[in-house]
Amino acid sequence: MKMSKMFVQTLREFPSDAEVVSHKMLARAGFIKKLTSGVYNYMPLMWRVLKKVENIVREEMDRAGAQELLMPFVQPKELWEESGRWDAYGKELMRLKDRHDRIMCLGPTHEEIITALARDVIKSYKQMPVNLYQIQSKFRDEVRPRYGLLRGREFIMKDAYSFDTTQEGLDKEYQNMAQAYKRIFDRCGLETKMVQSDSGAIGGSVSHEFMVITDGDAGENDVFYCDCDYSANSNHAVSKLPQAEVDGAKYFSETKIMDTPNTHSIEELCKFLNIPATIILKSLVYIVDKKPVIALIRADKNVEETKLMNAVGGIDIRIASSAEIAELMAEKGFDAVPGFIGPKGMTDIPIIADETVREMKNFVVGINQTDKHLVGANLSDIPTIENYVDIRLVEAGDFCPICGKPLKVTKGIEVGNIFQLGTKYSKPMNAVYLDENGKTQPYIMGCYGIGISRTAAAAVEAHNDEHGIKWPIAIAPYHVVIVPVNIKDELQMKVAQEMYDKLQAAGVEVVLDDRDERAGVKFKDADLIGFPFRVTAGKSLSEGFVEYKIRETEEVLKLTPDEAVQDLINKIIKK
RNA sequence: CGGAAUGUAGCGCAGCUUGGUAGCGCACCGUGUUCGGGUCGCGGGGGCCGCAGGUUCAAAUCCUGUCAUUCCGACCA
């Protein structure tokens, strides 16, 4: 490729709407151009990168025994009603009408479609196991698109779906996919962690996310991990806690109601009573699927909302507003403001207690009276708790649940995920086969996603410096740029052209920067675009050398043109 | 969906307070100059000042509405 012909425009400055480094770099280097919020044109350089990621994914999926197909991007409402997700999925599902007023949606994922397809084709246990995948654009109408390709509304995704007759079969395929994912991200030059996670709206039980670990702003998820291999997303992490004072006996000799004026926060209450937060039972009101839920937890800890939501089997959760709390109090015949709420009298409302509550004794708890708390209370003094569930948000410094060492926390970008769906879709959609005994059974399903465009952006997050991108070789748009410093210098151009021809003949993807620009411009663009290698034909040609620069390490070698060509062929083609 | 800001040329911005010929830098075209880290000069082209109303002799500028974009929060792969 001649640089003079390339459809690309690098910018002198970063676009003002870019926040994270991958977005800034990709926009400035001419890889992407925004069409509208969260929707981007993939320019030729970007498309080359995306195709490379796709091909790695494709090769590894095929190698793992999966088969590629392509499903429709526009989907009918009816299938989503069958699975129950038409109402459950929320506003991210982009809904639209066709000319006959039939209601459709743009595919944010394809469980419904693949399940419907499978039930038409897979009639017998003999047709399984099977794993089907596709690579295509998805659309999710995100509330707030941002971070360029990391969180677009339209994005490219690989999604795979497996069908098995047994849980053992699913387990096996799940491991198979986990290994394929490891290979895929390794080949893309990305270091990832496989972490336990919540399965969110897709549903199911077991799931893991593949996270690119980054210290940049773009890491959206907290990942807790330990030297011993344990790692989990914050919405799924569990931990052991250090010993804490959980018996308030030395502060309270009897159980009684005490005046605690103006103690609206735990901090104020601690100060007023001169006690640690570990002997306060905190009561929080959440709204899960529009209905109130009370969460109880030791007051020095915080509730992890996804865990709480799962504990009551909901699909949507938020903390209650003070108006909603007031309404709830009025309904139950109390008159208390936040800060004095407690489980007392909360009949017909789910009360979920965290594991930390179990061992508390002689503690302080709200009793739904403003400016009062019950002190020296015990579990027998509050409504019977039927279920103790871990709903606690893990914090750095908590101890690893496996080995007991302190957990560390880091930020990660989720680039892939794997879920065990079980019969979550096959059952409601009546997607069944006949087993060996001629009995009808639902498929046991799994699903496996990789964000293709997000992976490319994550690679930029992980590989850049102040000058621009440093693409890993496997997904770089081109391997090498050859820069004749002055295109009017016949020797420089001749050597550059010869190297270009040889590299191209050997299968190296090479760009010849034949633009009539000053050296500085070409060097800046080469760094910005992020070619892994740059070969400069310039003044040292008088001594018979070209300059050979490795973008990743900034290492510069003086080689003869033939040596440079050979070295590149060795590194890129023969690797 | 709550809070905040911004819409002026492909990109980055000024002008708006105090209404009166639409500007600057980069990019683009022509030309000369320079030639190893975003040269320098001269000459050009390109804008319904987001959109719609209103006030006014006159609106990028003032008023109202609307749309879009971005940031913080909540949510989310």
Side-chain angles (χ1 to χ4, degrees), chain A residues 8-20 23-24 27-30 33-39 89-93 108-109 138-159 197-202 207-212 217-218 220-221 233 235 287 305-306 309 315-319 321 412-419 447-455 457-458 467-468 483-489 492 513 515-528 534 536-542 546-547 549 554 556:
Chain A
V8 63
Q9 163 89 301
T10 58
L11 304 175
R12 200 70 168 269
E13 290 163 275
F14 291 116
S16 62
D17 63 356
E19 183 77 0
V20 297
H23 186 191
K24 285 181 177 174
R28 183 170 162 200
K33 191 139 173 44
K34 185 169 71 180
L35 177 63
T36 185
S37 181
V39 178
Y89 208 91
K91 291 182 181 162
E92 279 167 45
L93 185 61
T109 176
K138 301 278 193 242
F139 195 94
R140 293 184 191 169
D141 196 3
E142 287 288 338
V143 194
R144 195 182 153 202
R146 58 181 141 176
Y147 300 158
L149 296 192
L150 283 176
R151 189 190 248 323
R153 292 194 294 172
E154 184 177 304
F155 54 98
I156 301 173
M157 186 168 162
K158 184 280 302 181
D159 47 327
S197 79
D198 180 70
S199 39
I202 293 176
S207 77
H208 287 83
E209 292 172 348
F210 285 76
M211 298 282 201
V212 173
D217 309 330
E220 299 185 279
N221 303 280
N233 190 316
N235 65 23
I287 305 292
E305 296 188 358
T306 307
M309 182 174 82
I315 54 170
D316 177 58
I317 187 168
R318 61 186 169 78
I319 191 100
S321 67
I413 301 169
E414 182 186 346
V415 288
N417 52 43
I418 54 179
F419 294 97
C447 78
Y448 317 91
I450 288 179
I452 302 287
S453 41
R454 177 180 267 196
T455 297
H467 302 296
V483 180
V485 167
N486 181 352
I487 62 165
K488 292 180 185 113
D489 182 308
Q492 289 181 14
D513 194 347
R515 293 176 300 169
D516 187 10
E517 290 284 356
R518 296 167 60 87
V521 173
K522 299 189 189 184
F523 292 159
K524 289 281 183 193
D525 277 345
D527 288 348
L528 185 61
R534 188 185 82 201
T536 306
K539 59 190 176 192
S540 58
L541 264 188
S542 58
V546 293
E547 181 184 286
K549 185 176 172 191
E554 299 282 301
V556 179

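Sequence lines set the chain letters: A, B, ... in the order given, protein chains first and strands last, and positions in each chain run from 1. Heavy atoms only: backbone and side chains are in, while hydrogens, waters and symmetry mates are out.
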Using the [atom1] atom as the point on both nucleotides, what is the distance between [M] and [N], in whole Å?
{"N": "B/G23", "M": "B/C35", "atom1": "C1'", "answer": "33 Å"}
{"N": "B/A59", "M": "B/U17", "atom1": "P", "answer": "14 Å"}
{"N": "B/C40", "M": "B/C57", "atom1": "P", "answer": "50 Å"}
{"N": "B/C48", "M": "B/U61", "atom1": "C1'", "answer": "16 Å"}
{"N": "B/A9", "M": "B/G25", "atom1": "P", "answer": "16 Å"}
{"N": "B/A74", "M": "B/U56", "atom1": "C1'", "answer": "45 Å"}
{"N": "B/G43", "M": "B/C26", "atom1": "P", "answer": "14 Å"}
{"N": "B/C29", "M": "B/C67", "atom1": "C1'", "answer": "35 Å"}

Could you please name the partner base of [N], counting Watson-Crick and G-U wobble pairs only when both distances are under 3.5 Å?
{"N": "B/G2", "value": "B/C72"}
{"N": "B/C42", "value": "B/G30"}
{"N": "B/G36", "value": "none"}
{"N": "B/G25", "value": "B/C11"}
{"N": "B/A59", "value": "none"}
{"N": "B/G19", "value": "none"}

Could you check which of [options] has an atom nearest any side-chain atom of [X]?
{"X": "A/Val143", "options": "B/A27, B/G36, B/C1", "answer": "B/C1"}
{"X": "A/Lys488", "options": "B/G37, B/C11, B/U34", "answer": "B/U34"}
{"X": "A/Arg534", "options": "B/G37, B/G36, B/C11", "answer": "B/G37"}
{"X": "A/Lys549", "options": "B/C35, B/G37, B/U39", "answer": "B/G37"}
{"X": "A/Arg146", "options": "B/G37, B/G73, B/G36", "answer": "B/G73"}

Whether [X] contacts [N] is assessed here as follows: a side-chain N or O lying under 4.0 Å from the phosphate OP1 or OP2. Is that the case?
{"X": "A/Ser16", "N": "B/G12", "result": "yes"}
{"X": "A/Arg518", "N": "B/U39", "result": "yes"}
{"X": "A/Thr36", "N": "B/A68", "result": "no"}
{"X": "A/Lys34", "N": "B/U70", "result": "yes"}
{"X": "A/Arg28", "N": "B/C11", "result": "no"}

Could you check how far [atom1] of [X] sits from [atom2] of [N], rounded to whole Å?
{"X": "A/Asn486", "N": "B/U34", "atom1": "CG", "atom2": "P", "answer": "12 Å"}
{"X": "A/Tyr147", "N": "B/C75", "atom1": "OH", "atom2": "P", "answer": "14 Å"}
{"X": "A/Arg144", "N": "B/A5", "atom1": "CZ", "atom2": "C1'", "answer": "12 Å"}
{"X": "A/Glu13", "N": "B/C13", "atom1": "CD", "atom2": "P", "answer": "7 Å"}
{"X": "A/Glu19", "N": "B/U70", "atom1": "CD", "atom2": "C1'", "answer": "9 Å"}
{"X": "A/Glu547", "N": "B/G37", "atom1": "CD", "atom2": "P", "answer": "11 Å"}
{"X": "A/Phe14", "N": "B/C13", "atom1": "CZ", "atom2": "P", "answer": "13 Å"}
{"X": "A/Lys539", "N": "B/G37", "atom1": "NZ", "atom2": "P", "answer": "8 Å"}

For A/Ser37, check side-chain contact (heavy atoms from CB on, under 4.5 Å) against everything at least two apart and list the hits.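 If we apply the side-chain contact (heavy atoms from CB on, under 4.5 Å) test to A/Ser37, skipping adjacent residues, the hits are A/Pro145, A/Arg153.
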
Can you name the residues that form a side-chain contact (heavy atoms from CB on, under 4.5 Å) with A/Val143, not counting sequence neighbours?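 Here no residue qualifies.
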
Using only atom types and a distance under 3.5 Å, with no angle test, would you say the side chain of A/Gln492 pairs donor to acceptor with the backbone of A/Val485?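 Here the side-chain-to-backbone pair exists.
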
Exam field: side chain A/Lys34 to backbone A/Gly148, donor-acceptor pair closer than 3.5 Å: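 The answer is no, because no donor-acceptor pair under 3.5 Å joins these two groups.
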
Distance, nearest 0.5 Å, that separates CG of A/Leu528 from OG1 of A/Thr10: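 Atom-to-atom, A/Leu528:CG and A/Thr10:OG1 are 6.0 Å apart.
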
How many angstroms lie between atom NE2 of A/His467 and atom NZ of A/Lys524, to the nearest 0.5 angstrom?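 Here the interatomic distance stands at 6.5 Å.
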
Reckon [X] touches a base, only the sugar-phosphate, or nothing at all at heavy-atom distances under 4.0 Å?
{"X": "A/Gln9", "result": "sugar-phosphate"}
{"X": "A/Gln492", "result": "nothing"}
{"X": "A/Gly451", "result": "nothing"}
{"X": "A/Asp489", "result": "nothing"}
{"X": "A/Gly30", "result": "nothing"}
{"X": "A/Leu528", "result": "base"}

Please lay out, stage by stage, how A/Lys549 and A/Thr536 fare under the test side chain to side chain contact (heavy atoms under 4.5 Å, CB included). CA-CA 8 Å; A/Lys549 185 176 172 191; A/Thr536 306; over 6 Å; no

For A/Gly520 and A/Gly38, take the nucleotide of RNA chain B holding the closest heavy atom to each; which residue's nucleotide lies nearer the 5' end?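 Per heavy-atom nearest nucleotide, the more 5' residue is A/Gly520.
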
Find which nucleotide of RNA chain B each of A/Ser540 and A/Pro145 is nearest to by heavy atoms, and output the residue with the more 5' nucleotide.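 Closer to the 5' end of RNA chain B: A/Ser540.
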
Looking at A/Phe155, I'd like to know if the NZ or CZ of A/Arg454 sits under 6.0 Å from its six-membered ring centre while staying within 45 degrees of the ring's axis.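 That pair does not qualify as a cation-pi contact.
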
